[in-house]
Amino acid sequence: HTRFRGRSDVCSSDLFATADHRYNTAAHLARHLGLHYAFQPARPKIRHLDGRPIDSHCGLAVLTRHRLIASAKIDLPQDVRDGERIAQFVDLDIDGMRLLVINVRVSHLAGADALRRHQIERLAGAISGSHDFDTLLVGGDFNAGADDPLLAPLRNLDGFCTSEAAPGRGVDHLFALTRGNAVPVALAEGRAVLDRADPLTNLFPGHRAALVANLTFARPSRRLPRLLALQTAAE
């Protein structure tokens, strides 16, 4: 077993960006944190910025200290009440090891378990077809509890060994998937509370927390990097 230390990668959802790219939350975070980023725009519509209507996106992003090779998306089934839903696929080079990080946010609609199941099945099918990767991390907001049967398509992917991290409560999950007998193990997990009062208004932005997991991979055939901590989207 090789443990990774001192590295952090972040999967996040609901990141605002204007259509003209003048404002981009993912780019702003990456610049100030010293990270690389891949942003996948989604859910285009008119939103308001400083009181002005503006064409914008609410997308997904992966922030990483590692080399980004490529980023792409797949479309997920959607409901007109909910808007566009996608999964972001990011190819990383981690000290010579190829890793596919998949970032997703499924529907939040009440009473839409069938839709969420179809979205997760579509995601699982795309993972099965990712033949260039032996190791994958899937994280994000699944709007499903820790024991929810909606997650079965990911837990039972044929040909993969699966390890899972999930918060004690909430809707975020992280799946580490490997082909063959090398099983990734979640060493520790917890919740990072993101709420802090705004010093100008003394208001809280909302009830927000993130799933944080430290992982190790048993991969005797490859040299591995150090600790990879992956933080999923806010609840």
Side-chain angles (χ1 to χ4, degrees), residues 6-50 52-76 78 82-94 98-108 119 123 126 136-143 170-175 191-196 198 204-213 215 225 227-235:
R7 303 286 184 105
S8 292
D9 293 80
V10 181
C11 288
S12 189
S13 63
D14 293 337
L15 291 179
F16 175 82
T18 55
D20 61 7
H21 304 294
R22 182 178 179 186
Y23 298 93
N24 186 310
T25 304
H28 178 81
L29 290 172
R31 182 167 59 251
H32 285 275
L33 295 173
L35 301 173
H36 306 294
Y37 79 97
F39 175 69
Q40 189 64 58
R43 303 167 63 82
K45 70 175 186 179
I46 300 294
R47 295 176 176 86
H48 285 79
L49 177 65
D50 295 333
R52 297 179 293 108
I54 192 166
D55 288 325
S56 64
H57 296 274
C58 183
L60 303 177
V62 170
L63 286 76
T64 180
R65 298 189 186 279
H66 307 294
R67 186 169 72 91
L68 282 161
I69 298 174
S71 177
K73 72 166 185 173
I74 63 166
D75 293 316
L76 302 178
Q78 57 189 272
D82 193 29
E84 183 184 23
R85 291 294 175 189
I86 63 171
Q88 179 186 26
F89 284 56
V90 178
D91 181 357
L92 298 181
D93 178 345
I94 305 180
R98 293 281 295 282
L99 176 70
L100 184 63
V101 176
I102 301 170
N103 185 20
V104 63
R105 187 179 191 277
V106 304
S107 175
H108 71 284
Q119 290 171 339
L123 177 63
L136 305 90
L137 294 178
V138 186
D141 183 348
F142 286 88
N143 282 300
V171 297
D172 293 346
H173 298 267
L174 171 65
F175 297 89
R191 289 164 56 85
V193 177
L194 306 179
D195 276 5
R196 295 291 184 271
D198 185 324
F204 287 83
H207 300 292
R208 294 288 183 267
L211 169 64
V212 179
L215 305 178
L227 176 70
L228 177 68
L230 196 143
Q231 179 176 329
T232 73
E235 294 169 12

Checklist entry - For His48, what residues pass the ring-ring contact (aromatic ring centres under 6.0 Å, His included) criterion, not counting sequence neighbours? => result none

Item to check | side chain to side chain contact (heavy atoms under 4.5 Å, CB included) between Asp82 and Arg43, worked out | outcome: CA-CA 9 Å; Asp82 193 29; Arg43 303 167 63 82; 4.1 Å; yes

Next on the checklist: Tell me the closest heavy-atom pair linking Gln119 and Leu76, and the distance in Å.
Outcome noted: O-CD2, 3.8 Å

Checklist entry - Is the backbone of Ala61 close enough, under 3.5 Å, to the side chain of Ser12 for a donor and an acceptor to pair up by distance? => result no

Checklist entry - Is the closest side-chain heavy-atom distance between Val90 and Asn103 below 4.5 Å? => result no

Next on the checklist: When you compare the side chain of Phe142 with that of Leu123, does any pair of heavy atoms fall below 4.5 Å?
Outcome noted: yes

Checklist entry - Would you say the side-chain atoms of Asn24 pair up with the backbone N or O of Ala17, donor to acceptor, closer than 3.5 Å? => result no

Next on the checklist: Could you check whether any side-chain heavy atom of Leu29 comes within less than 4.5 Å of a side-chain heavy atom of Tyr37, counting everything from C-beta outward?
Outcome noted: no

Checklist entry - How far apart are the C-alpha atoms of Ile46 and Asp55, what are their side-chain angles, what is the distance that settles it, and do they pass the side chain to side chain contact (heavy atoms under 4.5 Å, CB included) test? => result CA-CA 5 Å; Ile46 300 294; Asp55 288 325; 2.7 Å; yes

Checklist entry - Is there side-chain contact between Ile69 and Arg98, with heavy atoms separated by less than 4.5 Å? => result yes

Checklist entry - Is there a side-chain contact between Gln88 and Ser13, using heavy atoms and a 4.5 Å cut-off? => result no

Item to check | Close side-chain approach of Arg105 to Arg85, heavy-atom, < 4.5 Å | outcome: yes

